[in-house]
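Position 1 is the first residue of the sequence, and the numbers go up from there. Keep in mind that this is a model prediction, so the values were computed, not measured.
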Amino acid sequence: MSEKDRPLSELSEEEYQETLREISERLGLKMLPEDHPIYQEPPTIILNPFPKNDSKEEVDDEQNSE
């Protein structure tokens, strides 16, 4: 069995990290080190980050009422 065909659970820590690097590069993702400041921030959930644009709907309603 080649090294590429082994399940992740059987890889050493070094092989596992290298595999993650290869996968992230192929997907265009950036891996952050474990001591990166973002890991010190509390978890955050952003709901509906873009406000609904009501002005366009108002214009459409005015045009439809005529």
Side-chain donor-acceptor distances from residues 27-41 under 3.5 Å, at least two apart:
unit_1	atom_1	unit_2	atom_2	d
H36	ND1	I38	N	3.1

List in chain and number order the residues that pass side-chain hydrogen bond (donor to acceptor under 3.5 Å, both in side chains) with T44, two or more places apart in sequence or in another chain; answer none if no residue qualifies.
-> none

For E18, the side-chain hydrogen bond (donor to acceptor under 3.5 Å, both in side chains) test, sequence neighbours excluded, returns R21

Could you tell me whether the side chain of E10 and the main chain of P7 form a donor-acceptor pair under 3.5 Å?
-> no

